[in-house]
Amino acid sequence: MTGIRLHNTLTRRKEDFAPLDPENVRMYVCGPTVYDRAHLGNARPVVVFDVLFRLLRHVYGAEHVTYVRNFTDVDDKINARAAEMRSAGDARPLEAIIRALTDETIRWYHDDMDALGALRPSAEPRATEWIGAMVAMTRDLIAKGHAYERDGHVLFRVRSYKDYGRLSGRSVDDMIAGARVEVAPFKEDPMDFVLWKPSTPDLPGWDSPWGRGRPGWHIECSAMARELLGETFDIHGGGIDLQFPHHENEIAQSICAHPEGGFARVWLHNEMLLVEGRKMSKSLGNFFTVRDLLEGNWSGGWKVPGEVIRFVYLSTHYSKPMDWTEEKARQAMETLTDWYSKTEDLDADSQGRWAFLLNLFNDLDTAGAIGKMHDLARDVARHPELKYAMEWFGFGFPDRLAPDAFRVKMATENNGADIVRVSWAGSLSPSAKRILMSKAHMLSSLRAAAKETKDFAPVDALKSSLVAAGVEVRMAKNEIGLVPGPDFDPAKLEALK
RNA sequence: GGCGGGUUGGCGGAGAGGUUACGCAGCGGAUUGCAAAUCCGUGAAGACCGGUUCGAUUCCGGUACCCGCCUCCA
């Protein structure tokens, strides 16, 4: 049987995945800097590596996979945001503001990523809780000649690591020739980067052999990965924009500190995200957080269920740029609504799992796997397998029901010959449901009468007013269905009697 | 300037050196008081130029265009 194959950025090839220890498969993914709501770009690696996490758990057993994703809660952007808050009138000490800010942002992050159906990682270390490990690693690097202290800074000596640049395919000399590196007087070499920097009294800081200061950005991942996963582990993931310098620097630090290790064996990088074909940016007005989408506060204007966001993300292979468009979201909404209605009352059947697992084994081909799910959706007999696939992918069925946003739980009643149904999505109020139900019955009796009189005008009139109120009307042979759409306005129905 | 990615049918988007991806839209049919929905069927592609091969959209080289990174960034 073939196993998982993954494209390793380090070797630029697709390789068979063989864990160091099948009893403990270890993965580290760079998490967010917590100073604001997660945006759409932040969410892509979360979803991508969530699928990988699920796949590893499936293959090796849930208890045999350790997934670590950090929270960066010490960072100049956080300090800057806290300083803004203080000048805006927050009277608390800066450190207290920072703590409150990062705590709150972490709660937001959990809320938003939960909404996307992402499993929580096995561990989510906060950088500030591992300062000791960072100081220790920094001391070790100095002792081994890979780092040096200058003016309260500790810098990594890039020239001391011969493979520097291997991950990103760059050479130190080329990069210096590119001349876009910060030239600081205390650096031996322009490429050297900061492991530790001094803090002024008003900034967060920790005591260290080099005075009160704070860690550089890259060291936290090296230190926490080492503490929680060991000197060598299986997979390290993150966005492609982290490939350089962040991941390059992580490798340099970790391997120089623990040459006998090897740090991460497989490096996975997800490509970037675009919005309507352009880079997401505040100036273009296409910058959205996950929360913006969930609450309808975006250019599309409608509330996008987390499952839809997840579906759109998984529709594009992780290694390709993904374009978030309203059209894709709309199609995903339709597809999921269809799938949920087909599977809601069924028991999942796992026998169809190979239909999509083989796609995932092939470098996490989620788009291909979704194609296979379409195959399952097309065949009524395989809908239980579709349900299994949906649950597997995190399009969950809490309490064995479809998510509220897709709830097509029909209120079904017999009225003469017609079956009358009102579809609803959880957000519909009970009174609105009652009105819709009565209109559906009215439609049914009007049609029954019209079949005798051959005068369909009253039927059409009611139908038109329903449509005008944003309700889709479905009239089958012995069935009448009302589907309130996104523009549904109950007030317009109350008006007509 | 350096490094990396991309270019597939009207749109979105995959795999695979030779056999239908798939979805949406379109078209034809069934069904329907009408319409929608649903069901069945169906046409349509691989930026350009070379090379390897019995055979390439799939491998190799070049050209064009697009995008990202090299500065905080998932």
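Chain naming here is simple, since letters A, B, ... match the order of the sequence lines and numbering starts at 1 in each.
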Mind listing the residues from residues 233-246 of chain A sitting with a heavy atom below 4.0 Å of RNA chain B? Number order is fine. A:Gly238, A:Gly239, A:Asp241, A:Leu242, A:Phe244

Pair [X]-[Y], side-chain donor/acceptor within less than 3.5 Å:
X: A:Lys14; Y: A:Asn8; result: no
X: A:Thr335; Y: A:Gln331; result: no
X: A:His269; Y: A:His247; result: yes
X: A:Glu326; Y: A:Trp302; result: yes
X: A:Thr102; Y: A:Arg126; result: yes

Report the nucleotide, chosen from [options], that has the shortest atom-to-atom distance to any side-chain atom of [X].
X: A:Arg474; options: B:A36, B:G33, B:C39; value: B:A36
X: A:Trp217; options: B:A36, B:C73, B:G13; value: B:C73
X: A:Thr316; options: B:A37, B:A74, B:A14; value: B:A14
X: A:Met272; options: B:A74, B:C34, B:G13; value: B:A74
X: A:Val459; options: B:A74, B:G33, B:C73; value: B:G33

Of A:Phe311, A:Phe406, A:Phe395, which is the lone residue that meets ring pair (Phe, Tyr, Trp, His ring centres under 6.0 Å) with A:Trp339? A:Phe311

Please list all pairs passing the salt bridge (Lys or Arg N to Asp or Glu O under 4.0 Å) test where one or both residues lie in residues 238-252 of chain A, with sequence neighbours left out. none

With sequence neighbours left out, which residue pairs that include part of residues 216-225 of chain A fulfil the salt bridge (Lys or Arg N to Asp or Glu O under 4.0 Å) condition? none

Taking the same atom, [atom1], in [N] and in [M], what whole-Å distance lies between them?
N: B:C66; M: B:C27; atom1: C1'; result: 33 Å
N: B:C54; M: B:A47; atom1: C1'; result: 27 Å
N: B:A14; M: B:G9; atom1: P; result: 13 Å
N: B:G13; M: B:G46; atom1: C1'; result: 13 Å
N: B:C70; M: B:G10; atom1: P; result: 36 Å
N: B:G1; M: B:C59; atom1: P; result: 28 Å
N: B:A30; M: B:G55; atom1: C1'; result: 42 Å
N: B:A45; M: B:A56; atom1: C1'; result: 14 Å

Of all heavy-atom pairs between A:Ser319 and A:Glu271, which one has the smallest distance, and what is that distance? O-CG, 3.1 Å

Look at the side chain of A:Lys372 against the base of B:C22 and say whether a donor-acceptor pair falls under 3.5 Å; ignore hydrogens and angles. no

May I ask you to verify whether the side chain of A:Asp460 and the base of B:G33 hold a donor-acceptor pair under 3.5 Å? yes

Do side-chain atoms of A:Thr316 reach the backbone of A:Tyr313 as a donor and acceptor pair under 3.5 angstrom? no

Indicate whether OP1 or OP2 belonging to B:A14 is found under 4.0 Å from a side-chain N or O atom of A:Lys320. yes

Verify the contact: side-chain N or O of A:Asn362 to OP1 or OP2 of B:A16, cut-off strictly under 4.0 Å; return yes or no. yes

When pairs are called at under 3.5 Å and a stem needs at least three consecutive Watson-Crick or G-U pairs, the stems of RNA chain B are B:1-7 with B:64-70, B:10-12 with B:22-24, B:26-30 with B:38-42, B:47-51 with B:59-63

Would you list the pairs meeting ring pair (Phe, Tyr, Trp, His ring centres under 6.0 Å) in which at least one residue belongs to residues 26-52 of chain A, sequence neighbours left out? A:Tyr28-A:His236, A:His39-A:Phe287

Give one of base, sugar-phosphate or nothing for A:Lys454, where a contact means two heavy atoms less than 4.0 Å apart. nothing

Select base, sugar-phosphate, or nothing to describe what A:Met475 touches, counting heavy atoms under 4.0 Å on all strands. base

Could you list the protein-to-nucleotides 23-26 of chain B atom pairs, N/O on both sides, closer than 3.5 Å?
| unit_1 | atom_1 | unit_2 | atom_2 | d |
| --- | --- | --- | --- | --- |
| B:G23 | OP1 | A:Arg378 | NE | 3.1 |
| B:G23 | OP1 | A:Arg378 | NH2 | 3.2 |
| B:C24 | O2' | A:Gln331 | NE2 | 3.4 |

How far does CZ of A:Arg447 sit from CE of A:Met442, to the nearest 0.5 angstrom? 15.5 Å

Distance, rounded to the nearest Å, where A:Glu248 contributes CD and B:G2 contributes C1': 14 Å

Rounded to the Å, how far apart are A:Tyr164 OH and B:G2 P? 20 Å

Counting only heavy atoms not in A:Arg12, do more than 12 sit closer than 6.0 Å to its CZ atom? yes

